[in-house]
Number of protein chains: 4
Amino acid sequence: MVQPATPKGRGTRARIMAAAEELFAERGYANVRVADLAAAAGLTAGAFYRYFPDKHELTLELLRELTVEAFEFIRIPLEADSLIDSVTESTHKYFEFYERHRALFGVIVELSQSDAEIAEIWATSRRAFYGRISGALTRGSVAERIRGDLNLDLAAEMLGSMTEFYAFQRFVLRDPAVAGRPLGEASRTLATIWLSGIASASPSAEPRP
Amino acid sequence: MVQPATPKGRGTRARIMAAAEELFAERGYANVRVADLAAAAGLTAGAFYRYFPDKHELTLELLRELTVEAFEFIRIPLEADSLIDSVTESTHKYFEFYERHRALFGVIVELSQSDAEIAEIWATSRRAFYGRISGALTRGSVAERIRGDLNLDLAAEMLGSMTEFYAFQRFVLRDPAVAGRPLGEASRTLATIWLSGIASASPSAEPRP
Amino acid sequence: MVQPATPKGRGTRARIMAAAEELFAERGYANVRVADLAAAAGLTAGAFYRYFPDKHELTLELLRELTVEAFEFIRIPLEADSLIDSVTESTHKYFEFYERHRALFGVIVELSQSDAEIAEIWATSRRAFYGRISGALTRGSVAERIRGDLNLDLAAEMLGSMTEFYAFQRFVLRDPAVAGRPLGEASRTLATIWLSGIASASPSAEPRP
Amino acid sequence: MVQPATPKGRGTRARIMAAAEELFAERGYANVRVADLAAAAGLTAGAFYRYFPDKHELTLELLRELTVEAFEFIRIPLEADSLIDSVTESTHKYFEFYERHRALFGVIVELSQSDAEIAEIWATSRRAFYGRISGALTRGSVAERIRGDLNLDLAAEMLGSMTEFYAFQRFVLRDPAVAGRPLGEASRTLATIWLSGIASASPSAEPRP
DNA sequence: GATGAATGAGCATTCATTCAT
DNA sequence: CATGAATGAATGCTCATTCAT
């Protein structure tokens with residue numbers, strides 16, 4: 001079940017993964033059969049097992065790829081001198097990333113309650129995101145502009161929650177009431193609220209007009 | 001499939017519903033069989049069908065009850081003169097409500113991607129929550145203390161998102177990194193960040209110390 | 001499971017039997033549940049078993065009554081001196097009898113292939129009918145008017161078959177192509193064809209050896 | 001659920017159909033489970049569904065084949081110049097056909113009361129048979145030899161009824177009292193009675209000795 | 001006599017997975 | 001590498017039947 005030897009085999013494997021992402025997005029994980037995945041990749045069900053030991057392992061494989069990309073994301077620092085722009089842009093990029101992989105985020109949400117392994121992957125990734133944010137808040141010049149009565153870890157969790165759920169609603173649930181707005185406005189509003197919310201009262205913490 | 005005629009029957013029906021909430025919380029919707037539900041209520045599988053046509057209908061019944069309670073919740077107004085306390089308390093109560101029914105919120109999240117009916121129930125309820133918040137923001141004395149550069153509907157969606165996902169993480173996923181904190185702190189921090197985040201820059205909008 | 005003691009009980013039992021005949025006619029035996037029978041008699045399923053040990057026994061009970069009536073029928077002799085009228089009338093009466101109990105004839109047909117007991121009841125009754133006919137043919141003045149090249153038992157079976165299947169088509173299957181005709185025409189045509197068919201070519205020629 | 005791709009698959013499908021015909025003949029439709037059919041074809045129950053969506057559809061498939069054969073049958077004309085031989089032979093062939101497919105005729109009879117689709121198939125086929133007969137009676141030289149007081153459609157229905165029920169009794173119910181006779185005698189007697197029965201009184205209408 | 005509750009066996013159907021070709 | 005066939009375990013659901021009240 002290692003990487004296929006021939007280029008053709010590698011192509012087939014990639015097609016299965018692409019088909020999975022597509023079908024999961026359309027119908028959710030539980031409503032996709034191995035036979036559907038295989039058919040969407042131009043195969044019969046039996047052939048699927050030449051590439052993945054089972055549906056669950058294929059899913060983990062997809063999530064592993066997703067995680068790699070997510071962690072690259074996390075490595076991008078938040079710029080202290082123009083925090084509002086930096087957070088806005090970072091949020092915006094995250095939204096785009098989320099949208100691109102909405103199928104997988106959907107799968108994560110669908111399965112985390114019953115699949116400990118997936119729950120763990122998600123938890124790890126969330127913690128990394130939160131850590132990145134709270135890290136930025138405690139470093140250098142930023143720290144002094146933040147109100148003293150807040151638990152920064154908690155504040156980071158709140159930002160993360162707001163971001164993640166807004167994205168879920170918009171890209172996975174595709175709630176039209178939410179999805180109708182320009183995405184840029186959402187990113188900026190989110191960043192604005194949160195940054196203003198954690199800033200100390202002095203005018204210097206105000207976001208730029 | 002109507003209401004049971006005898007007290008015994010009503011008790012059995014209630015036991016099935018209670019068992020469902022318990023088992024859904026433990027294992028998630030997909031991993032609970034009709035036979036499990038029946039057994040947890042002290043019955044054989046066949047008897048289940050005297051009370052509900054199938055697992056899905058039982059779930060809708062539970063969600064209907066949940067919705068009723070949620071809408072009572074929404075009717076409680078946010079007090080304009082002590083917004084921070086009012087939002088804190090309201091958030092806190094919502095967290096308690098969410099925890100009490102964490103199984104059902106988990107089911108909603110698990111199924112919304114594949115079950116249009118449940119997705120609709122959730123969307124309706126979310127919209128009502130958001131409307132309640134944005135309604136409070138546009139009324140009377142509150143309105144003038146809010147920064148002018150925000151879309152209030154969007155701001156309301158952000159508060160709702162933050163609240164809902166924080167609760168989901170804490171009560172459904174039971175992420176220990178999040179669940180360890182005093183709940184009161186979470187409620188207050190959430191309310192504080194958001195209210196400060198939407199307030200206009202004048203000192204009068206600042207939360208009380 | 002004997003006859004109920006009270007008049008009320010006897011009434012209930014009769015109602016169940018009437019309901020069975022009605023429901024069997026509507027939907028066929030296999031599509032009628034014990035609960036349906038009970039409900040149609042104004043009872044719950046449990047109460048059914050106070051009157052009959054099971055659905056099969058109820059059916060046999062109905063068929064026993066039918067058989068009694070059928071045998072009374074068979075006892076009526078065919079009049080030799082006006083055979084055509086006699087056969088016509090007898091056929092007509094049989095058609096009326098069949099229509100009145102079309103539900104039970106339907107049940108007999110539906111179950112005879114898989115229920116040996118019912119098959120036996122039917123076979124016995126058919127034999128009696130055929131015997132009555134062939135008996136009439138071999139008696140006295142009739143015999144000499146019948147062609148000599150026929151097996152009379154076989155001729156009797158043919159008459160019986162024609163009668164029974166025509167009735168089945170018309171009253172059980174309710175084939176509109178068949179049911180549209182005046183019943184009297186059918187009775188007379190059937191009798192005419194058959195009697196002419198078995199008659200010797202001229203009154204004097206070819207008496208039976 | 002299309003035609004199987006390999007010879008092995010086609011063989012399996014054919015084996016299921018053969019097994020069905022055999023088991024239906026033995027026990028009747030209602031007493032045959034999908035698992036029985038599969039087992040009789042050397043399969044597990046699950047494999048059945050690769051070939052047919054359910055037992056009912058398999059049955060319709062069998063009946064479709066039967067209908068095709070029946071309609072070939074109907075196309076054979078009845079020869080006017082030796083009507084008695086022609087009808088005898090035709091009847092005889094029909095009996096052989098009926099015997100060969102006695103299982104399916106049994107299923108038709110068992111299900112027609114509760115299955116409208118099957119009832120319709122049967123009705124159509126009966127009408128075709130009757131039409132063939134009455135058609136022969138109204139054509140050319142035959143017409144003038146038939147008594148004027150008969151409704152020919154009705155006469156055709158009578159012949160059909162006699163034929164069908166005699167066959168049913170003999171080949172499906174396997175009534176020993178009926179089945180003991182030489183089949184040739186039955187065919188000839190049936191044809192003789194009916195043809196003599198519908199003939200006008202002139203000697204020319206008499207069947208040949 | 002009747003009810004409503006509960007049982008338990010029976011059966012259909014789905015689907016991940018294996019395997020010979 | 002891929003197919004088509006087959007397995008077998010799960011699981012949902014129905015319904016005749018029993019029983020306490």
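A note on names: the letters A, B, ... follow the listed sequences, proteins ahead of strands, and every chain is numbered from 1.
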Which whole-number value in Å describes the distance from [X] [atom1] to [N] [atom2]?
| X | N | atom1 | atom2 | value |
| --- | --- | --- | --- | --- |
| B:Phe52 | E:dA6 | CZ | P | 12 Å |
| B:Leu43 | F:dC13 | CG | C1' | 16 Å |
| D:Tyr51 | F:dT7 | OH | C1' | 12 Å |
| B:Glu57 | F:dC13 | CD | P | 12 Å |
| D:Arg50 | F:dG8 | CZ | P | 16 Å |

Between protein and nucleotides 13-21 of chain E, map the contacts as a letter string: B base, S sugar-phosphate only, - none, heavy atoms under 4.0 Å, written 5' to 3'.
BBSSBB---
Could you check whether D:His101 and D:Glu69, counting side-chain N and O atoms only, form a donor-acceptor pair closer than 3.5 Å?
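Their side chains do contain a donor-acceptor pair, which is all the 3.5 Å distance test asks for.
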Is the closest side-chain donor-acceptor distance between B:Arg15 and B:Thr12 under 3.5 Å?
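Yes - a donor-acceptor pair under 3.5 Å links their side chains.
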For a quick test of reading the model, state the closest non-hydrogen atom pair linking D:Tyr51 to D:Gly9 and the distance between them.
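Shortest heavy-atom separation between D:Tyr51 and D:Gly9 comes out as CE2-O, 3.5 Å.
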Identify, between B:Gly42 and C:Gly42, the residue whose nearest nucleotide on DNA chain E lies closer to the 5' end.
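Looking at the nearest nucleotide for each, C:Gly42 comes out on the 5' side.
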Distance-only criterion, 3.5 Å: show the donor-acceptor pairs between side-chain atoms of residues 34-47 of chain C and protein atoms not counting sequence neighbours.
{"residue": "C:Asp36", "atom": "OD2", "partner": "C:Arg27", "partner atom": "NH1", "Å": "3.0"}
{"residue": "C:Asp36", "atom": "OD2", "partner": "C:Arg33", "partner atom": "N", "Å": "2.9"}

Verify the contact: side-chain N or O of A:Thr12 to OP1 or OP2 of F:dA2, cut-off strictly under 4.0 Å; return yes or no.
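Yes, because at least one side-chain N or O of A:Thr12 sits under 4.0 Å from OP1 or OP2 of F:dA2.
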Taking only the side-chain nitrogens and oxygens of A:Thr6, find out if one of them lies under 4.0 Å from OP1 or OP2 of F:dC1.
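True: A:Thr6 side-chain N/O within range (under 4.0 Å) of F:dC1 OP1/OP2.
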Stems involving DNA chain F, each a run of at least 3 consecutive Watson-Crick or G-U pairs under 3.5 Å:
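Paired runs of 3+ in DNA chain F: E:2-21 with F:2-21.
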Looking at side-chain heavy atoms only, is the closest gap between D:Asp115 and D:His56 below 4.5 Å?
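Heavy-atom side-chain distance check passes, below 4.5 Å.
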Just wondering, do B:Leu63 and B:Trp122 contact through their side chains at under 4.5 Å, heavy atoms?
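A side-chain contact is absent here, since even the closest heavy-atom pair is not under 4.5 Å.
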Ring-face cation of A:Lys55 near A:Tyr29 (centre distance under 6.0 Å, axis angle within 45°):
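Ring-cation test returns yes.
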In terms of side-chain geometry, is the basic nitrogen of D:Glu21 or D:Arg102 positioned less than 4.0 Å from the acidic oxygen of its partner?
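No, no charged N to carboxylate O under 4.0 Å.
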D:Glu22 CD: over 12 foreign heavy atoms closer than 6.0 Å
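No, the 6.0 Å shell around CD holds no more than 12 heavy atoms from other groups.
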